[in-house]
4 protein chains.
Amino acid sequence: MARARALTPDVRRAQLLAAACRVLARKGYARASVSDIIREAGVARGTFYNYFESKQALFHAALVDLTAHIHGVVQPIDETADLPPQVLGNITRVVGAMLSSDEVVPLLNAVGHDEEADAVLRSFYADATARVAEALRRGQAIGVVRPGDPQLRACCLIGMVREPIFQAWLAGESLSADELVMEVLTFMSQGVLETG
Amino acid sequence: MARARALTPDVRRAQLLAAACRVLARKGYARASVSDIIREAGVARGTFYNYFESKQALFHAALVDLTAHIHGVVQPIDETADLPPQVLGNITRVVGAMLSSDEVVPLLNAVGHDEEADAVLRSFYADATARVAEALRRGQAIGVVRPGDPQLRACCLIGMVREPIFQAWLAGESLSADELVMEVLTFMSQGVLETG
Amino acid sequence: MARARALTPDVRRAQLLAAACRVLARKGYARASVSDIIREAGVARGTFYNYFESKQALFHAALVDLTAHIHGVVQPIDETADLPPQVLGNITRVVGAMLSSDEVVPLLNAVGHDEEADAVLRSFYADATARVAEALRRGQAIGVVRPGDPQLRACCLIGMVREPIFQAWLAGESLSADELVMEVLTFMSQGVLETG
Amino acid sequence: MARARALTPDVRRAQLLAAACRVLARKGYARASVSDIIREAGVARGTFYNYFESKQALFHAALVDLTAHIHGVVQPIDETADLPPQVLGNITRVVGAMLSSDEVVPLLNAVGHDEEADAVLRSFYADATARVAEALRRGQAIGVVRPGDPQLRACCLIGMVREPIFQAWLAGESLSADELVMEVLTFMSQGVLETG
DNA sequence: GATGAATGAGATTTCATTCAT
DNA sequence: GATGAATGAAATCTCATTCAT
């Protein structure tokens with residue numbers, strides 16, 4: 001076989017991570033094998049293990065990367081400025097990040113495959129919920145959010161965003177980020193039932 | 001060896017399915033092996049294959065059973081009667097069904113493990129969404145639901161219910177069905193933002 | 001491939017152990033692979049792992065079996081009877097056990113390959129030394145053994161037996177058990193130097 | 001990267017050999033990897049193969065060095081001078097050489113790992129035995145050594161020295177060279193049994 | 001000469017499935 | 001029908017060696 005051109009470790013590592021994400025998106029967590037990944041990356045088996053201690057370590061790294069990226073798009077709320085546009089902006093950016101590539105959704109729904117990966121996802125969701133809950137709590141403090149358990153409400157909000165994305169992926173359909181954001185806003189601001 | 005009493009096929013099948021569900025709840029889809037299942041059921045390896053073509057077939061059957069059960073708790077809307085209590089009743093019953101046993105949540109989140117199982121889940125979620133969307137559509141027709149894409153809105157509603165249940169399971173915590181139902185109602189009827 | 005006749009677990013286990021010993025004798029500890037062992041035993045790869053948790057576990061079991069067997073040929077000393085023939089008998093039986101099959105020597109010299117195996121060998125040699133030392137101590141107590149550190153002397157005696165056996169094996173030559181026993185007796189009773 | 005200063009081939013070779021010996025002492029023959037050796041020596045992987053054809057070749061060279069060193073401490077017997085002190089001196093020097101460093105014992109017991117290394121050890125032991133046997137033969141000729149097979153007797157003598165050293169190493173204990181030499185002398189000159 | 005990224009043959013291990021009893 | 005020993009394809013992982021720079 002033609003020997004792959006030697007790269008600096010950082011580059012090769014990133015390449016392997018990217019290849020792994022593509023494979024994960026295509027075959028799913030459970031069916032993605034090291035053989036798939038190295039074929040996708042065009043390197044030899046041993047090369048893989050020069051960069052990751054194990055297949056599990058790779059998946060762990062991929063998830064950590066991904067969740068960090070999503071958290072990264074959230075901007076802290078400036079309480080001295082107008083709130084709604086900031087919240088809207090964050091929702092829009094998160095939805096954008098989740099729809100930005102085909103690889104995000106399957107990874108974020110890959111629960112129950114792997115002890116370590118589950119831990120990463122658990123902390124991702126716990127963290128996201130905690131942030132939203134904190135924002136709600138502040139909103140309640142300044143009287144712009146109705147009373148109610150912030151933790152539970154935060155979960156509902158996350159589900160409201162996550163589920164349409166998840167189902168669109170499951171069905172292989174595309175989803176309009178703008179429409180989703182609008183719908184979430186409707187639920188937040190007035191609900192969907194006409195009130196006499 | 002101690003030979004298990006010959007049972008009628010249906011009983012044995014049900015016994016295996018129940019054992020499989022318990023194992024799935026305990027170990028998760030990916031880590032449930034045939035050995036686990038037959039140990040739990042107390043039958044020999046070969047016996048398993050007298051009743052299911054493969055491990056995949058068993059999981060498929062378990063999912064079909066489970067999703068049928070959840071669909072079963074939903075009652076058709078009687079449009080001549082008062083709507084809100086019927087909707088409320090259905091939400092309550094679905095939440096109740098999902099919280100009724102430890103086995104439901106892990107199974108409904110077991111995505112990406114298995115081609116066939118994914119198909120079952122896909123159709124479960126598609127079906128659930130379609131039903132809710134249809135209800136919304138009727139609501140819009142008679143003017144009790146605001147305008148908006150029923151499909152997308154249905155997804156949001158399902159996510160609003162599913163996510164808190166999912167996260168509580170992930171965190172190993174319990175969840176109050178009543179509080180969840182109340183919160184969903186709040187989102188539906190008035191939103192969570194105070195309106196000047 | 002023709003399916004191997006199903007055996008009771010005990011028999012199959014013993015067969016695998018025996019096959020492993022033959023392979024170890026032929027190829028040495030480091031170069032004996034699971035593939036070699038199953039080829040020798042005529043079973044499939046998976047069958048091996050039905051009986052031993054790992055390759056290491058098999059080697060451990062083989063060593064435990066072997067060392068137990070050698071210890072088993074040693075008979076306790078009856079202090080009310082004549083001592084020399086009893087000692088002579090034990091030496092003869094141990095030498096006999098070590099020469100009884102080609103597999104003993106390579107196994108007893110397989111040091112440094114494997115943490116667990118080393119522990120078995122360590123305790124084998126420690127135990128053997130302790131027994132000989134105890135016999136020497138008793139001999140000193142009743143005045144038939146000269147003064148001197150029993151532990152060290154026991155080691156020397158064991159080496160005196162072990163080394164010729166080891167070297168004969170290394171050179172691929174055979175060794176007369178009787179001559180070895182006689183030589184050891186000479187060293188014990190009078191030494192090899194003529195005394196003026 | 002930090003490129004090691006180019007050394008003369010002999011120096012570099014010696015440096016690698018020394019590193020290999022340290023690693024061997026620490027991890028044992030079977031667990032010493034090329035990675036360990038180059039890390040210990042502080043050279044790059046490729047450099048290793050500029051000096052040794054293979055890992056096996058390095059171990060071979062290390063053994064040759066070591067065995068040559070041990071043989072080197074043995075002084076030829078001057079038959080015109082008094083014999084016992086010369087024999088005593090040689091035993092003392094050999095024991096001293098074997099105890100001089102932690103690396104000797106594990107290497108001399110590294111049997112069964114490697115075809116070539118086994119050959120080196122085989123010839124080391126054969127040579128040592130031959131020398132001792134020759135000395136015994138001369139002793140018999142001049143009447144200071146009792147009759148008996150010199151070859152077998154030489155093996156016993158070597159075992160008498162080697163075994164205590166081996167066991168002390170196995171147990172991680174230290175050993176007094178003087179006591180060992182004295183004990184060997186006792187076995188040679190009078191045996192350990194009291195004679196009425 | 002030195003470097004270290006890349007290699008790949010070969011080892012161990014897993015586990016869903018088969019089939020003789 | 002029930003049993004459980006046997007199977008083997010396929011997965012993960014190791015590490016001595018190569019070779020372009």
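Everything numeric here is computed off the predicted structure, so don't read it as measured data. We name chains A, B, ... by the order of the sequence lines, and we start the count at 1 in each one.
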Rounding to an integer number of Å, can you tell me how far B:R31 CZ sits from E:dT14 P?
16 Å
Mind checking what makes side chain to side chain donor-acceptor pair (under 3.5 Å) contact with C:E116, not counting sequence neighbours?
C:Q56, C:H60
Below 4.5 Å, heavy atoms only, C-beta onward: do B:F59 and B:L107 meet side chain to side chain?
no
Sequence neighbours left out, what passes ring-ring contact (aromatic ring centres under 6.0 Å, His included) with B:F124? Give chain and number order.
B:H71
Residue pairs, two or more places apart or on separate chains, that pass salt bridge (charged side-chain N to carboxylate O under 4.0 Å, His left out) and touch residues 37-58 of chain A
A:R22-A:E40, A:R26-A:E40, A:D36-A:R39
What stems, by residue range, does DNA chain E take part in, given at least 3 consecutive Watson-Crick or G-U pairs under 3.5 Å?
E:2-21 with F:2-21
Starting from P on E:dG1, measure out to CD on D:Q15 and report it in whole angstrom.
15 Å
Restricting to side chain to side chain donor-acceptor pair (under 3.5 Å), what partner residues turn up for C:Y125, sequence neighbours left out?
C:R162
Return the CZ to CG distance between D:R12 and D:L17, rounded to the nearest 0.5 Å.
13.0 Å
Give the residues of residues 38-59 of chain A touching DNA chain E, defined as any heavy atom closer than 4.0 Å, sorted by residue number.
A:V43, A:A44, A:R45, A:G46, A:T47, A:N50, A:Y51
Under 4.5 Å between any side-chain heavy atoms of C:Q15 and C:L7, yes or no?
yes
Between F:dC19, F:dT12, F:dA6, which one does the side chain of C:R12 approach most closely?
F:dA6
Both C:A4 and A:S33 contact DNA chain F. Taking the nearest nucleotide for each, which residue is further toward the 5' end?
C:A4
Side-chain heavy-atom pair A:L108, A:F166 within 4.5 angstrom cut-off
no
Tell me which nucleotide among E:dA5, F:dT17, E:dC19 gets nearest to the side chain of A:P9.
E:dA5
Atom-pair distance (CG on C:L7; P on F:dT3), nearest Å
21 Å
Separation of C:R5 atom CZ from F:dG4 atom C1', in whole Å?
15 Å
